[in-house]
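Please read the structure below before turning to the comments.
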2 protein chains.
Amino acid sequence: MPDRLPQKLRSDAKDNRDRILDAARALFSADGLDVPMREIARRAGVGPATLYRRFPTKQTLVAEAFADQLHACRAIVDEGCADADPWRGLCLVIEKICELHARDRGFTEAFLSAFPGAPDVAGREYTLKAVAGLARRAKDAGRLRSDFVLDDLILILMANKGIHTRSTDAQVMASRRFAGLAIQALEACPHHAPLPPAARLATGAPAGA
Amino acid sequence: MPDRLPQKLRSDAKDNRDRILDAARALFSADGLDVPMREIARRAGVGPATLYRRFPTKQTLVAEAFADQLHACRAIVDEGCADADPWRGLCLVIEKICELHARDRGFTEAFLSAFPGAPDVAGREYTLKAVAGLARRAKDAGRLRSDFVLDDLILILMANKGIHTRSTDAQVMASRRFAGLAIQALEACPHHAPLPPAARLATGAPAGA
DNA sequence: CGGTAACCGGACGCCCCCGTCCACTTGGGT
DNA sequence: ACCCAAGTGGACGGGGGCGTCCGGTTACCG
């Protein structure tokens with residue numbers, strides 16, 4: 001559905017298209033979203049015109065390039081929601097998503113409204129709703145702190161994005177530790193102090209949990 | 001000491017210099033470090049040449065512009081260290097520094113080695129050492145979790161940097177909540193799960209706490 | 001008050017990115 | 001084998017940032 005109806009493309013055109021997507025994925029992952037379009041074209045071994053013809057705007061390219069990750073993301077959430085223990089499911093979601101983001105810098109930017117008002121990339125809203133449900137259950141089970149709010153998750157994801165290291169390995173490791181800390185922060189604890197008030201974040205997400 | 005020996009500058013030159021620094025501070029705070037030099041010059045009402053003559057490289061300008069914040073930073077740490085209760089002191093440091101960073105986007109970038117190998121900006125090492133001591137005491141007091149590592153603090157600061165919102169107010173609010181969560185994560189708790197291993201961060205800080 | 005060195009800012013050349021146009025090439029149907 | 005529309009990449013003009021040079025201006029000292 002993010003895919004344009006696969007109009008009959010000539011075989012060579014299809015090839016080029018694929019190579020462009022590969023190049024884009026590689027570069028976005030490594031360097032973030034603001035690689036020059038030129039660079040992507042060069043890496044794919046095509047001219048700029050070809051790139052622009054196939055993907056008129058960078059947003060199109062980004063959306064297409066990250067379709068996989070978005071599905072992975074949704075799969076993770078689904079998996080977490082399926083877990084019998086909602087708290088364990090939520091932890092799983094946090095860990096996995098943080099790792100996913102750690103491995104792919106561009107995806108993080110794309111995911112976190114780097115493109116303001118992106119056309120609800122592959123059911124972001126739906127996914128958020130699912131997580132909200134999961135959180136609800138985790139709260140009812142008494143494992144998730146009661147003053148948790150869905151925006152806290154966004155906050156954590158944004159924060160995770162702020163972590164930068166030299167190598168991808170270090171990045172993943174740091175992200176893992178961060179996720180651990182985040183989970184610790186969210187877990188209900190008899191003597192925990194109340195949190196400062198939640199701030200409305202820029203995302204279109206509803207704030208209730 | 002980051003200051004060039006204040007060679008006798010002609011009065012007008014001094015004026016311009018000051019106006020440049022003001023402009024730089026304002027722009028860096030609002031938009032981060034990658035404002036064009038041109039923009040700063042324009043805002044200061046001077047030509048590009050003047051700017052470049054006074055601050056040959058952007059790094060020079062940044063260092064000079066953030067001298068205040070760096071002192072504030074150090075003051076915060078000192079204040080925290082002076083607190084009789086080391087845990088309370090540490091919390092204070094986290095809260096205040098997160099807020100400081102939330103209010104000044106450029107400073108965060110400058111602070112977190114945005115310029116790799118910046119010449120130990122105003123005793124960064126010293127400050128880190130002080131915090132390490134504070135953490136040590138907080139641990140001994142049994143309030144800080146025993147598997148805390150100084151790099152965790154860097155991690156939290158980096159993470160805090162990842163948080164972006166539309167307005168400064170929202171930013172501060174979000175940062176406050178984040179700091180609250182971070183503190184929660186760091187507090188010793190009888191039944192908390194062990195954390196994933198700490199990753200060595202890019203900073204030159206020693207990893208032990 | 002006058003001279004000089006310090007100082008100024010506009011203008012220049014360089015490089016990189018963007019998005020588009022167009023003359024050539026090539027896939028694939030007949 | 002032929003043809004032509006779909007497809008291609010090089011080239012172009014525009015815009016913006018960078019760092020530097022230079023002819024005019026101005027503070028300060030005697």
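Proteins get letters first, then strands, A, B, ... in listed order; numbering begins at 1 in each. No experiment lies behind these values; they were computed from the predicted model shown.
- When the C1' atom of dT26(D) is taken as reference, atom NZ of Lys14(B) falls 19 Å away, rounded to whole Å.
- Comment: Arg145(B) does not engage Glu187(B) in a salt bridge, judged by the lack of any side-chain N to carboxylate O separation of less than 4.0 angstrom.
- Listed by chain and number, the residues in a side chain to side chain contact (heavy atoms under 4.5 Å, CB included) with Ile156(B) are Phe178(B), Ala182(B), Leu186(B) (sequence neighbours excluded).
- Judged by distance alone, with hydrogens and angles left aside, the side-chain atoms of Lys58(A) form a donor-acceptor pair with the main-chain N or O of Leu33(A) at under 3.5 Å.
- Side chain of Pro36(B), nearest nucleotide from dG17(D), dT8(D), dC17(C): dG17(D).
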(request) Produce a footprint string for nucleotides 25-30 of chain C: one letter per nucleotide, 5' end first; B if the base is under 4.0 Å from any protein heavy atom, S if only the sugar-phosphate is, - if neither. (result) -BSS--
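- Note on Arg103(A) versus Glu99(A): salt bridge recorded, some NZ/NE/NH1/NH2 to OD/OE distance being below 4.0 Å.
- Separating the NZ atom of Lys8(B) from the P atom of dC7(C) is a distance of 12 Å, rounded to the nearest angstrom.
- Spacing between atom CG of Asn16(B) and atom C1' of dA6(C) amounts to 13 Å, rounded to whole angstrom units.
- Remark: Arg54(B) pairs with no residue by the salt bridge (Lys or Arg N to Asp or Glu O under 4.0 Å) rule, at least two apart or across chains.
- The environment of Met173(B) atom CE is sparse: at most 12 non-hydrogen atoms of other residues, nucleotides or ligands sit within 6.0 angstrom.
- Regarding contacts with the backbone of dC8(C), a side-chain N or O of Arg53(B) is found under 4.0 angstrom from either OP1 or OP2.
- Between the P atom of dG17(D) and the CD atom of Glu39(B) lies a distance of 8 Å, rounded to the nearest Å.
- Phe107(B) is linked by a ring-ring contact (aromatic ring centres under 6.0 Å, His included) to Phe66(B), His101(B), Phe111(B), counting only residues two or more places apart in sequence or in another chain.
- Under the side chain to side chain contact (heavy atoms under 4.5 Å, CB included) criterion, Asp22(A) pairs with Arg25(A), not counting sequence neighbours.
- Under the 3.5 Å distance criterion, the side-chain polar atoms of Arg19(A) are matched with a main-chain donor or acceptor of Ala44(A).
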Tabulate protein N/O versus nucleotide N/O from nucleotides 10-14 of chain D, keeping only pairs under 3.5 Å, one per line.
none

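- Rounded to whole Å, atom P of dT20(C) lies 12 Å from atom CG of Leu51(A).
- The CZ atom of Arg54(A) sits 15 Å away from the P atom of dT20(C) (whole-angstrom rounding).
- Residue Met37(B) contributes atom CE, which lies 10 Å from atom P of dT20(D) at whole-angstrom precision.
- Residue Arg43(B) contributes atom CZ, which lies 16 Å from atom P of dG17(D) at whole-angstrom precision.
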